[in-house]
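Side-chain atoms are counted along with the backbone in the values below, which use heavy atoms only and exclude waters and symmetry mates. Note that the structure is predicted; figures quoted are calculated from it, not measured. We count ligands from 1, going down the list as the structure has it; atoms in each ligand are counted the same way.
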Amino acid sequence: MLTTTQQKPLSYSGPIGVFDSGYGGLTILREFQRVLPAYDYIYLGDNARAPYGSRSFDIVYRFTLEAVNELFARGCPLVILACNTASAKALRTIQQNDLPGIDPSRRVLGVIRPTVESLPDHTRNGHVGLVGTPGTVGSRSYELEIEKLHPDFKFSAHSCPMWVPLVENGEADKPGADYFVRQEIEALTRLDGEIDAIILGCTHYPLLINKIKKYLPTNVALIKQGEIVAASLADYLRRHPEMERRLTRGGTTEYLTTEDAAKFSSMASIFLDSDIKAEQITL
Ligand code: DGL
């Protein structure tokens, strides 16, 4: 943990912070590295306390704020919550209540708004489904954003409590995962048989995409967030040159985890298709 006395002054520049409860945010980071390779990144996975999906609002908020403060203390002017659960349960409170007191010139952004903005690119009939953690679905964050931006859409959501544990434990490609994937996909499509686009509303779920596809007709689009959030970040930086100027450009990525570093490094290679070396920290 870095103390506030070690924090950098207001006008500093630094890397983009990327936070997730565990490994899932690596599916977002990978797209940032592909679309915006010039910048430096710090990835922080709170693996010791993952999954967040079934935790209460207060706990997800407290853990997320600790992670954001850690990334700020390490010099990040901008932090992306690459986690739907944290975006759903903590983002607004951090933006409205905490940021003005910490440093109003820094920014924390999430993954839900850009995903909802992109929906017209994916659905033809406006029947949209969401799969996510119990926390994300229970927060109704997607529903409320969709009501605001696309009031004519028909929206159905279903939570999949077993999917993150399957991915976090390296079981996503194993035969046992089929049972849980099939069960949840059938439950979602029972809510609305006309769904033609499904939001994978958890950054872990792209790892299950081959199994998900097995239980859906080919005309149903699966919406992965990595590309969407990376395009949205690129657009944000174009529109906010004052922030863009504060980001360092060394093309590096530092990986931090609250769990064992060797375990993180070996699991992360599944998400990133490349070898990395992580450091263990305490929040
Ligand atoms: N990747 C997080 C999300 O997008 C996972 C949640 C969890 O830790 O349960 O929701």
Answer yes or no for A50: is there a heavy-atom contact with ligand 1 below 4.0 Å?
-> no

Salt-bridge criterion met for R249 and E244 (N-O under 4.0 Å) = yes

Is the H204 ring parallel, tilted or perpendicular to the F271 ring (thresholds 30°, 60°)?
-> perpendicular

Would you mind telling me if ligand 1 is within reach of the side chain of V111, the backbone, both or neither, using heavy atoms under 4.0 Å?
-> neither

Side chains of R92 and S141, donor plus acceptor under 3.5 Å | no

Which residue and heavy atom of the protein sit nearest atom 6 (C) of ligand 1, plus the separation | T85 OG1, 3.4 Å

Flag T133 as yes when one of its N or O atoms lies below 3.5 Å from any N or O atom of ligand 1, and as no otherwise.
-> no

Tell me, which protein residue and heavy-atom name are nearest atom 9 (O) of ligand 1, and how many Å apart are they?
-> G53 N, 2.7 Å

Per-atom contacts of ligand 1 with D20, taking only distances under 4.0 Å to non-hydrogen atoms = 1 (N), 2 (C)

Does R239 come within less than 4.0 Å of D235, counting only side-chain N to carboxylate O?
-> yes

Hey, is E117 close enough to R113 for a salt bridge, meaning N to O under 4.0 Å?
-> yes

What residue and heavy atom of the protein are closest to atom 1 (N) of ligand 1, and at what distance?
-> T203 OG1, 2.7 Å

Pull out every atom of ligand 1 sitting under 4.0 Å from any heavy atom of S21, numbered as shown with elements.
-> 5 (C), 6 (C), 7 (C), 8 (O)

Between F63 and Y52, is the gap from one ring center to the other below 6.0 Å?
-> yes

Could you find the nearest protein heavy atom to atom 7 (C) of ligand 1 and give me its residue, atom name and distance?
-> Y52 N, 3.2 Å

